[in-house]
*Asks:* 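Structure incoming, see below.
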Amino acid sequence: MKHTRVLLWLLLLLTCNFALTSCSNDDDDTTEEVLGDWTTRSQFEGLARNAAVSFTLNGKAYVGLGTDGVDRFKDFWEYTPATNTWRQLADFPGVGRIQAVAFAAGGKGYVGTGYDGVNKLRDFWQYDPTTNSWTRKADFGGTARYGAVALSMEDKGYVGTGYDGNFKKDFWQYDPTADQWTQKPSFGGNKRVGAVAFTLHESGYILAGTDNDLMLTDMWSYSPATEQWTERRALVSNTDEDYDYSNVPRSSASAFVVNNRGFVALGTNGGYLTSCWEYNPDEDTWKVKTVFEGSARIQAVGFGLGDYGYLGLGTTGTTRLDDFWQLAPDTEDAD
């Protein structure tokens, strides 16, 4: 009888172990694969810097301004992905500055606002890639500021949020044809600085950043056709809907667009980050990508060209950087 009880006990243990193992395997099968392959690209040829700006035109990227912690730069550079090379362009004619904004509209690049170390700025300049020349345009319609965001939608530029001595949430449209700024309905979320923005399906998205030292978790989209703001899913952990986006919020991050998906990477939230997240506007969902393989940093530049995203420059807090990286977002990590 004693032996029978022992055999039954062993059989029960084996059965439970099999059940637990089976459950564990099922969970592994449903785990979504994390994709994204980072590779180094040609090092930026200018001096290492942070708080620079970038925009893209005709399959090329344009990068300039920023600081090495002492000087504020005016140089501008063109990156050609086909040859993986940099070329120096005509210097930006305004004062050197940090935390400016930039966008492309109507075949031209536009750069303005920012901080020169003494003054907050609102001047705006147009870059023409066909003549490699700059032209001053109408000053930004809002107050002088830095740390704002910029978007391009339907051949018009948009600038909003930032800091002018107070946190801001106003939103302005620039018409390149009329060289005119028009105030639009204010951003739907809280005032903020250090946010990120991108354009998907001709709608603009603004998220992240801080307000009164609080890391913000709201995200909003703007339709230029209706001039309305729509709140998207909050960047929090939601057990009822079974998603956790609580690691997306950050400040001084970088963003880019590849194939109508938005990407947010780097920045800070209690520490410098290397994480990268992808946003799907059709489903209003996020998924994590392979972590950035360079140093964690803030105030880097980001842009999308073709099927790839690019990140580079920035600061670790003590060191300014001049490396550049490319992300193939749907490729398995080669490492």
*Asks:* Check this for me: does any side-chain nitrogen of one of Arg145 and Asp170 sit under 4.0 Å from a carboxylate oxygen of the other?
*Replies:* yes

*Asks:* Would you say Ser223 and Thr226 are linked by a side-chain donor-acceptor pair, where the criterion is simply a distance under 3.5 Å?
*Replies:* yes

*Asks:* Using 4.0 Å as the upper bound for N to carboxylate O, is an ion pair formed by Arg233 and Glu241?
*Replies:* yes

*Asks:* Measure the shortest side-chain to side-chain distance between Leu35 and Thr331 over non-hydrogen atoms and say whether it is less than 4.5 angstrom.
*Replies:* no

*Asks:* Hey, is Asp75 close enough to Arg49 for a salt bridge, meaning N to O under 4.0 Å?
*Replies:* yes

*Asks:* Is Tyr308 atom OH crowded by more than 12 heavy atoms from other residues, nucleotides or ligands, each under 6.0 Å away?
*Replies:* no

*Asks:* Strictly distance-based, threshold 3.5 Å: is any side-chain N or O of Arg97 a donor or acceptor partner for the main-chain N or O of Leu65?
*Replies:* no

*Asks:* Looking only at non-hydrogen atoms, find the nearest pair between Phe76 and Ala90 and report the distance.
*Replies:* CB-O, 3.9 Å

*Asks:* Without swapping roles, check the side chain of Asp71 against the backbone of Phe73 for a donor-acceptor pair under 3.5 Å.
*Replies:* no

*Asks:* Do Leu207 and Val196 have side chains that get closer than 4.5 Å, going by heavy atoms?
*Replies:* yes

*Asks:* Let's go through Asp218 and Arg192 carefully: what are the C-alpha distance in whole Å and the side-chain angles of both, what is the deciding distance for salt bridge (charged side-chain N to carboxylate O under 4.0 Å, His left out) to 0.1 Å, and is it a yes or a no?
*Replies:* CA-CA 11 Å; Asp218 56 334; Arg192 66 194 62 203; 2.7 Å; yes

*Asks:* Going through the distances and angles, do Ile206 and Trp220 end up as a side chain to side chain contact (heavy atoms under 4.5 Å, CB included)?
*Replies:* CA-CA 6 Å; Ile206 298 178; Trp220 296 75; 5.6 Å; no

*Asks:* Just list the side-chain donor-acceptor pairs under 3.5 Å for residues 104-115, sequence neighbours left out, or say none.
*Replies:*
residue : atom : partner : partner atom : Å
Tyr110  : OH   : Gln126  : NE2          : 2.8
Tyr115  : OH   : Gly117  : O            : 2.9

*Asks:* Distance check, rounded to the nearest 0.5 Å: Glu154 atom CD versus Asp175 atom CG?
*Replies:* 12.0 Å

*Asks:* Do Gln99 and Tyr163 come within less than 4.5 Å of each other through their side chains, counting heavy atoms only?
*Replies:* no

*Asks:* How far apart are the closest heavy atoms of Thr56 and Leu305, and which atoms are they?
*Replies:* CG2-CD2, 3.8 Å

*Asks:* What are the two closest heavy atoms between Lys289 and Val34, and how far apart are they?
*Replies:* C-CG1, 3.4 Å

*Asks:* Within a reach of under 6.0 Å around CG of Asp242, are more than 12 heavy atoms found that belong to other residues, nucleotides or ligands?
*Replies:* no

*Asks:* At their closest point, which heavy atom of Trp181 faces which heavy atom of Gly141, and how far apart are they?
*Replies:* CG-N, 3.5 Å

*Asks:* Kindly give the heavy-atom pair with the smallest separation between Ala253 and Ala265, and that separation in Å.
*Replies:* CB-O, 3.4 Å

*Asks:* Would you say the side-chain atoms of Ser42 pair up with the backbone N or O of Thr85, donor to acceptor, closer than 3.5 Å?
*Replies:* no

*Asks:* Distance-only, no hydrogens or angles: does the Asp244 side chain make a donor-acceptor pair with backbone N or O of Ser246 under 3.5 Å?
*Replies:* yes

*Asks:* Under the 3.5 angstrom rule, does the side chain of Ser254 hit a backbone N or O of Gly302 as a donor-acceptor pair?
*Replies:* no

*Asks:* Ignoring hydrogens and geometry, is there a side-chain-to-backbone donor-acceptor pair from Arg122 to Phe140 under 3.5 Å?
*Replies:* yes

*Asks:* Applying salt bridge (Lys or Arg N to Asp or Glu O under 4.0 Å), name anything that partners Lys74, two or more places apart in sequence or on another chain.
*Replies:* none

*Asks:* Compare all side-chain heavy atoms of Tyr127 with those of Asn132 and state whether any distance is below 4.5 angstrom.
*Replies:* yes

*Asks:* Taking the six-membered ring for Trp, are Phe292 and Trp38 closer than 6.0 Å centroid to centroid?
*Replies:* yes

*Asks:* Shortest non-hydrogen contact from Pro281 to Tyr205?
*Replies:* CB-OH, 3.5 Å

*Asks:* Same cluster or not: are Leu235 and Val264 linked, directly or through other Ile, Leu, Val, Met, Phe, Trp or Tyr residues, by side-chain heavy atoms under 4.5 angstrom apart?
*Replies:* yes

*Asks:* Before we go on, tell me: are the rings of Tyr222 and Phe171 under 6.0 Å apart, centre to centre?
*Replies:* yes

*Asks:* Between Phe44 and Trp77, does the ring centre distance come in under 6.0 Å?
*Replies:* yes

*Asks:* Decide if atom NZ of Lys191 counts as having more than 12 heavy atoms of other residues, nucleotides or ligands within a radius under 6.0 Å.
*Replies:* no

*Asks:* Name every donor-acceptor pair, under 3.5 Å, that has one atom in a side chain of residues 310-321 and the other anywhere in the protein, sequence neighbours excluded.
*Replies:*
residue : atom : partner : partner atom : Å
Tyr310  : OH   : Gln326  : NE2          : 2.9
Thr315  : OG1  : Gly317  : N            : 3.0
Thr315  : OG1  : Thr319  : O            : 3.3
Thr316  : OG1  : Thr319  : N            : 3.2
Arg320  : NE   : Asn50   : OD1          : 2.8

*Asks:* Kindly state whether the ring of Phe55 and the ring of Tyr62 have centres lying under 6.0 angstrom apart.
*Replies:* yes

*Asks:* Below 30° counts as parallel, above 60° as perpendicular, anything between as tilted: where do the rings of Phe92 and Trp125 land?
*Replies:* perpendicular

*Asks:* With a 4.5 Å cut-off on side-chain heavy atoms, are Tyr158 and Trp172 touching?
*Replies:* no

*Asks:* Taking Gly209's backbone N and O only, do any of them form a donor-acceptor pair with Arg250's side chain (distance below 3.5 Å, no angle check)?
*Replies:* no

*Asks:* Counting N and O atoms only, with roles assigned by atom type, does the side chain of Asp179 sit under 3.5 Å from a partner on the main chain of Ala138, one being a donor and the other an acceptor?
*Replies:* yes

*Asks:* Counting N and O atoms only, with roles assigned by atom type, does the side chain of Thr268 sit under 3.5 Å from a partner on the main chain of Gly271, one being a donor and the other an acceptor?
*Replies:* yes

*Asks:* Give a yes or no answer on whether the side chain of Asp284 reaches the backbone of Arg232 with a donor-acceptor pair at less than 3.5 Å.
*Replies:* no

*Asks:* Indicate yes or no: at least one non-hydrogen side-chain atom of Asn260 is less than 4.5 angstrom from one of His201.
*Replies:* yes

*Asks:* For the residue pair Met153 and Glu202, establish whether any side-chain heavy-atom pair is separated by less than 4.5 Å.
*Replies:* yes

